[in-house]
*Asks:* 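Please read through the structure below; I'll follow up with questions.
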There are 2 protein chains.
Amino acid sequence: MPKLWNETIDAHRHAVREAILNTTTELVKAGGLRSVTMSQIAEKTGIGRATLYKYFSDVEAVLLAWHERQVTGHLHQMAEVAGQPGTPAERLQAVLEAYADIARQRHGGELATLLHQGEHVSHAEHHLAHMVQALIAEGADSGDLRGDIPPAELAQYCLHALTAAAGLPSVAAVRRLVGVTLNGLRPIP
Amino acid sequence: MPKLWNETIDAHRHAVREAILNTTTELVKAGGLRSVTMSQIAEKTGIGRATLYKYFSDVEAVLLAWHERQVTGHLHQMAEVAGQPGTPAERLQAVLEAYADIARQRHGGELATLLHQGEHVSHAEHHLAHMVQALIAEGADSGDLRGDIPPAELAQYCLHALTAAAGLPSVAAVRRLVGVTLNGLRPIP
C-alpha cells in the first residue's frame, strides 16, 4: 500500500481513539469511573460497538488508556507552568497549585486505586518529583528556599503534603494548603 | 456455672488470643504480611491448629485482629506522648515524630492496602486528626503556631506530609521531614 494511504489510516485510527477517550472524559465527569460502559462510549462517540471493540478489549482497557492520557496531560501542564517566567519560588508555587488542583479532583474507590497502580502513574510521579526537586534546588541556590535539607526530600514532603487537597472543601482551602506547604520550605531565620 | 469459672475461661481465652497476636507480630516482622500462615502461627504459639481455628476462621481474620491491635496500640502511644509536659508545639512535635516513625514502618502490597481499608483505620485516623488539631489550636492560642488557618486543615496537612516518611532511608531523614512539616505551621512574620 502507498505510504500516504498508511498515514491516512493511522491518522484516522488516532482520531477515533482520541474521540473515544474524549467521550470517556465526559462520562467520567458526569457519573464517575464506575458508571462508564462500552455501550455508552460507543453511542456517545458515534461509532458501533464492534468498532469500539477493535480499539479496546473492555472498559478497563479504555479507562486505563484514558487515565494515561490524563496523567500525561497533567504532567505537560505542570512542565509548562514550571517553565513560565518568575523566581524559582514563584514557579514552584505555580506547579504546586496545579498539582494540588489535580489531587483534589482525584477519584476515589477501587477502580481509581487500580488505575493509580499502573506504571504510568509511578513514572509520572517520578518525573514530577524531579521537576519539583529542581525548582527547590534553584530556590535554595538563590536563598529563597531552605538549603539545609536535600531537595529530593523536600520534593517528597511537598507532594505528600498536597495529597491532603483531596479532602478539602474549596479552592481557597487548597490555596491555603499550598501556602502552608511552601512555608515549610522557607529558610530557618 | 459459677461466675469465677466464667472469668477464668474469659481470662484464658484472652491470654490465648493475645499469644496468637504476639506470634503474628513476630512472623510479620520476620517475613512480612504475606508470609504468615495458620500452621506457623499455631506452631509458634504452641497450640494446635484446631484450637487456632476456634479463635480465627482464617489467616486474614488473624491479620485483621492483629492490625486492629497494632493501630489501637499506636493510638494509645500517641495519646500518651500528647499528654506529656511541654508547650503545645513541643507536644505536637513529639506526636508527629511518633506518627512519622509508624508511617515509615508501614508495610506495602495488596494485603497492607486491604488491612488499611478497614474501619478501624479510618476511626484511628479520625481520632489522631482530632488530637493533632487540638494541639495546633492550643499552639495557635499561645502564639507559637500560626492561627490564620483552620486547625483542622493544618492537621490534615501534617498527617499527609508525614506519609512521605514511608519512602525515607533513615531516622534522621524522618526527623528532618517532621522539622520541615512543623516549619509550615510557624506564624508568618
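So that the names make sense, note that chain A is the first sequence line, chain B the second, and so on, each numbered from 1. Please read these numbers as outputs of a predicted model, since none were measured by experiment. Worth knowing before you read on, the calculation uses all heavy atoms, side chains too, and leaves out hydrogens, waters and symmetry mates.
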*Asks:* Identify which part of Leu162(A) has an atom lying under 4.5 Å from any heavy atom of chain B, answering side chain, backbone, both or neither.
*Replies:* neither
*Asks:* Same cluster or not: Leu135(A) versus Ile149(A), using hydrophobic residues (I, L, V, M, F, W, Y) connected whenever any side-chain heavy atoms lie under 4.5 Å apart?
*Replies:* yes
*Asks:* When clusters are formed by joining ILVMFWY residues with side-chain heavy atoms under 4.5 Å apart, either directly or through shared neighbours, do Leu185(B) and Met78(B) land in the same one?
*Replies:* yes
*Asks:* Could you list each N or O donor-acceptor pair linking chain B to chain A at a distance under 3.5 Å?
*Replies:*
from: Glu153(B); atom 1: OE1; to: Arg176(A); atom 2: NE; distance (Å): 3.0
from: Glu153(B); atom 1: OE2; to: Arg176(A); atom 2: NH2; distance (Å): 2.7
from: Tyr157(B); atom 1: OH; to: Tyr157(A); atom 2: OH; distance (Å): 2.7
from: Arg176(B); atom 1: NE; to: Glu153(A); atom 2: OE1; distance (Å): 3.0
from: Arg176(B); atom 1: NH2; to: Glu153(A); atom 2: OE2; distance (Å): 2.7
from: Asn183(B); atom 1: ND2; to: Gly184(A); atom 2: O; distance (Å): 3.1
from: Asn183(B); atom 1: ND2; to: Arg186(A); atom 2: O; distance (Å): 3.1
from: Gly184(B); atom 1: O; to: Asn183(A); atom 2: ND2; distance (Å): 3.1
from: Arg186(B); atom 1: O; to: Asn183(A); atom 2: ND2; distance (Å): 3.2

*Asks:* Sort Leu159(A) into side chain, backbone, both or neither according to what part of it lies under 4.5 angstrom from a heavy atom of chain B.
*Replies:* neither
*Asks:* Which bit of Pro169(A) comes within less than 4.5 Å of chain B, counting heavy atoms only: side chain, backbone, both or neither?
*Replies:* neither
*Asks:* Under a 4.5 Å heavy-atom cutoff, which of Ala165(B), Gly167(B), Ala161(B) has the most pairs with chain A?
*Replies:* Ala161(B)
*Asks:* Can you tell me which portion of Leu154(B) sits under 4.5 Å from chain A's heavy atoms? Options are side chain, backbone, both or neither.
*Replies:* side chain
*Asks:* Same cluster for Leu182(B) and Ile102(B) if Ile/Leu/Val/Met/Phe/Trp/Tyr side chains link at under 4.5 Å?
*Replies:* yes
*Asks:* Is Leu33(A) reachable from Ile41(A) through a run of hydrophobic residues whose side-chain heavy atoms are each under 4.5 Å from the next?
*Replies:* yes
*Asks:* Hydrophobic clusters here meaning ILVMFWY residues chained together by side-chain heavy-atom distances under 4.5 Å, can you tell me if Leu128(A) and Val174(A) are in one?
*Replies:* yes
